[in-house]
Amino acid sequence: MVSVLRVHLPTEIPIVGCELTPYVLLRRADKTVTTDDVPETSPLDGHFLRYKWYRVQSDKKVAVCSIHPSEQATLQCLGCVKARLPVAKSYHCTPKCFSDAWQHHRVLHDRAASAASENGNEDEELYGRFNSSGSGISNSSLSASASSAILTNGSAAPYPAAITQKSGEIWYEVGHSKTYTPTEDDIGHVLKFECVAVDAETKLPVGHVNTILTSRVIPAPSPTPRQLIPIDGMGHIDADGCITSSGTFTVLSYNILSEAYASNDLLNYCPSWALSWTYRRQNLLREIVGYSADIICLQEVQSDHYDEFFSPELDKHGYYGLYKRKTNEVIYNGNTNTIDGCATFFRRDRFSHVKKYEVEFNKAAQSLTDAMIPTTQKKTALNRLVKDNIALIVVLEAKVNNQPVDNAGKRQLLCVANTHVNVHQDLKDVKLWQVHTLLKGLEKIAASADIPMLVCGDFNSVPGSAPHALLAMGKVDSSHPDLAVDPLNILRPHSKLAHQLPLVSAYSSFARTAGVGFELHKRRLDGGTNEPLFTNVTRDFIGTLDYIFYTADSLVVESLLELLDEERLRKDTALPSPEWSSDHIALLAEFRYCKNKSRS
């Protein structure tokens with residue numbers, strides 16, 4: 001006989017759109033235990049498991065705070081009600097919560113008023129209806145993508161009538177598979193999971209019915225959408241020397257924080273439910289899809305997450321993906337699926353794939369030591385240089401109306417490099433060497449074709465560091481303090497630390513724009529380097545590590561995704577958080593192709 005020993009939910013708080021998968025421990029007839037599912041179609045020892053999910057309905061429906069969704073709401077913003085905003089955004093747990101959030105909360109009112117004046121009043125009734133939308137450039141684009149998901153929860157047929165208990169509670173059956181994905185109808189209610197062993201012949205339950213009651217279901221928290229800010233002509237590098245074309249495209253770069261690095265011990269300031277991968281993957285997907293970028297460069301993407309989630313999910317939204325996993329000579333932990341890497345996606349209707357290059361810095365390290373390091377020192381040198389990092393370089397061809405661009409018979413190509421230079425801060429020589437190696441590879445591609453280039457990623461290098469100077473200035477000054485760390489002499493002569501690519505950081509365009517409207521964005525830049533004040537925010541570090549560089553002789557920045565400020569992230573909060581599911585923030589830039597007049 002099969003018996004259920006224990007059931008357990010790994011997630012303490014159920015969230016709309018995030019699948020719940022209970023842990024079920026079984027004992028077989030031979031006294032061995034297993035966690036395998038036993039469906040009716042494949043009975044075990046003459047038994048199978050029957051599952052049921054209920055929504056516990058009581059007279060009182062509990063509203064939850066829009067800022068702290070694990071807290072019960074005690075007040076409601078009537079301005080939101082009057083503006084016909086989604087009612088879930090109107091609730092707050094305390095007056096202090098409302099006061100602290102007011103500066104950004106009132107932006108919702110202003111945008112609602114602006115939308116109403118442009119579009120007129122809509123008849124849709126929002127009062128009393130819970131709704132959550134993810135982050136993005138606009139709520140509408142994200143809501144549309146989120147609403148396209150179909151949650152069957154194990155059945156397409158109507159569920160039985162509600163069950164009324166002696167306590168007066170009413171249980172509505174909402175699912176009968178092992179997993180369940182909460183819907184907006186569940187918000188504010190407790191869910192109940194039942195599991196029992198059933199005789200395969202009689203179809204009758206045997207043994208004890210195991211149950212779990214969850215906390216109240218909360219809506220998925222959503223950050224205030226970030227706006228795309230147009231860059232005026234003064235923000236363009238060498239605009240007078242370029243002939244611009246009519247074609248534009250957008251590129252997103254985002255370190256999404258690998259599940260393997262998102263441990264409760266390291267990130268204990270983030271609620272465990274918001275740190276769980278089942279929650280973060282949905283929140284990240286909502287955010288990424290909401291940006292509607294033509295090209296997406298992601299870092300810290302685990303190989304199993306690419307295969308099982310991001311590739312199939314983004315395929316539904318019209319993207320084609322390419323992936324390069326890190327090598328595993330150092331970080332191998334027995335499970336290659338948890339090794340992360342870089343993923344580059346592009347819209348199939350905007351681009352076609354021409355070529356893919358994979359850069360493995362471990363191989364470059366081997367070649368370097370063979371050529372420069374004495375045999376007796378090779379092992380020590382490789383221990384320092386081999387860090388498993390990679391870069392993914394993709395050459396794309398632009399399309400117009402889903403057809404290749406035919407510009408006087410010339411194809412419009414674009415080269416996109418995506419990398420994560422994950423090297424310890426003490427190894428400044430290794431970090432600089434890897435960036436230099438990548439740039440030398442890109443120079444070879446540039447020499448073979450007149451092609452615009454983008455260099456995106458997490459370089460783990462702050463503005464002003466030697467790797468940043470090499471990228472942004474084309475060289476590293478021989479007096480730079482980072483060059484003092486070079487035990488293997490791999491950086492000498494210092495004159496070789498240069499490249500000929502006309503790279504410029506996209507976000508430095510904010511510093512070159514004029515007008516009152518740009519003062520806010522300029523205040524979010526470092527005055528010395530014109531880079532964002534931060535792209536990575538944790539308890540222990542706040543600073544910029546992520547960049548989008550472009551070749552200024554062939555591309556012009558048209559607009560940039562607005563930067564966040566510390567107050568907007570709430571000063572008492574580090575990342576990740578319930579609203580933002582990575583410790584990095586996404587960068588996005590819109591570009592226009594241009595041609596240097598001297599070449600035309």
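On a predicted model such as this, the values are computed, not experimentally measured, just so you know.
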(request) Show your reasoning for whether side-chain contact (heavy atoms from CB on, under 4.5 Å) applies to Leu575 and Ile585. (result) CA-CA 9 Å; Leu575 299 182; Ile585 64 169; 4.0 Å; yes
(message) Between Arg348 and Asp315, does any side-chain N to carboxylate O distance fall below 4.0 Å?
(response) yes
(message) Check this for me: does any side-chain nitrogen of one of Lys431 and Asp482 sit under 4.0 Å from a carboxylate oxygen of the other?
(response) no
Can [X] and [Y] be counted as having a side-chain donor-acceptor contact under 3.5 angstrom?
X      : Y      : answer
Ser263 : Asp265 : no
Asp583 : Tyr261 : no
Arg286 : Asn283 : yes
Asp388 : Asn328 : no
Ser505 : Glu531 : yes
Gln299 : His584 : no

Does some side-chain heavy atom of [Y] sit less than 4.5 Å from a side-chain heavy atom of [X]?
X      : Y      : result
Leu284 : Trp277 : yes
Tyr269 : Thr538 : yes
Ser253 : Asp546 : no
Lys387 : Leu427 : yes

(message) So, applying side chain to side chain contact (heavy atoms under 4.5 Å, CB included) with Phe591, which one of Thr248, Asp294, Ile548 is it?
(response) Ile548
(request) Please lay out, stage by stage, how Arg325 and Asp304 fare under the test salt bridge (charged side-chain N to carboxylate O under 4.0 Å, His left out). (result) CA-CA 10 Å; Arg325 190 182 71 185; Asp304 56 340; over 6 Å; no
(request) Name all residues meeting the salt bridge (Lys or Arg N to Asp or Glu O under 4.0 Å) criterion together with Lys356; count only those two or more places apart in sequence or in a different chain, and write none if there are none. (result) Glu358
(request) Sequence neighbours left out, what passes salt bridge (Lys or Arg N to Asp or Glu O under 4.0 Å) with Glu360? Give chain and number order. (result) Lys324, Lys363
(request) Could you check Val462 against His468 for side-chain contact (heavy atoms from CB on, under 4.5 Å), going step by step and ending with a plain yes or no? (result) CA-CA 7 Å; Val462 297; His468 177 264; over 6 Å; no
(message) Tell me whether Met473 at atom CE has more than 12 heavy atoms from other residues, nucleotides or ligands lying less than 6.0 Å away.
(response)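 Counting neighbours around CE of Met473, 12 or fewer heavy atoms of other residues, nucleotides or ligands fall under 6.0 Å, so no.
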(message) If you count every heavy atom of other residues, nucleotides or ligands that lies below 6.0 Å from Lys496 atom NZ, does the total exceed 12?
(response)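 Atom NZ in Lys496 is crowded, with more than 12 foreign heavy atoms closer than 6.0 Å.
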(request) Show your working on side-chain contact (heavy atoms from CB on, under 4.5 Å) between Leu396 and Tyr320 and close with a plain yes or no. (result) CA-CA 11 Å; Leu396 305 175; Tyr320 180 81; over 6 Å; no
(request) Kindly state whether the ring of Phe249 and the ring of Tyr593 have centres lying under 6.0 angstrom apart. (result) yes
(request) Taking all non-hydrogen atoms of both residues into account, name the closest pair between Phe459 and Val455 and its distance. (result)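 Heavy-atom minimum between the residues: CZ-CG1, 3.7 Å.
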(request) Might you point out which heavy atoms bring Val476 and Ala466 nearest each other, and give the distance in Å? (result)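 Closest approach of Val476 to Ala466, heavy atoms only: CG2-O, 3.6 Å.
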(message) Does Lys378 form a salt bridge (charged side-chain N to carboxylate O under 4.0 Å, His left out) with Asp370? I'd like the steps, not just the answer.
(response) CA-CA 8 Å; Lys378 281 187 178 181; Asp370 288 345; 3.4 Å; yes
(request) Let me see the working for Phe361 and Val430 under side-chain contact (heavy atoms from CB on, under 4.5 Å), right down to the final yes or no. (result) CA-CA 10 Å; Phe361 294 110; Val430 179; over 6 Å; no
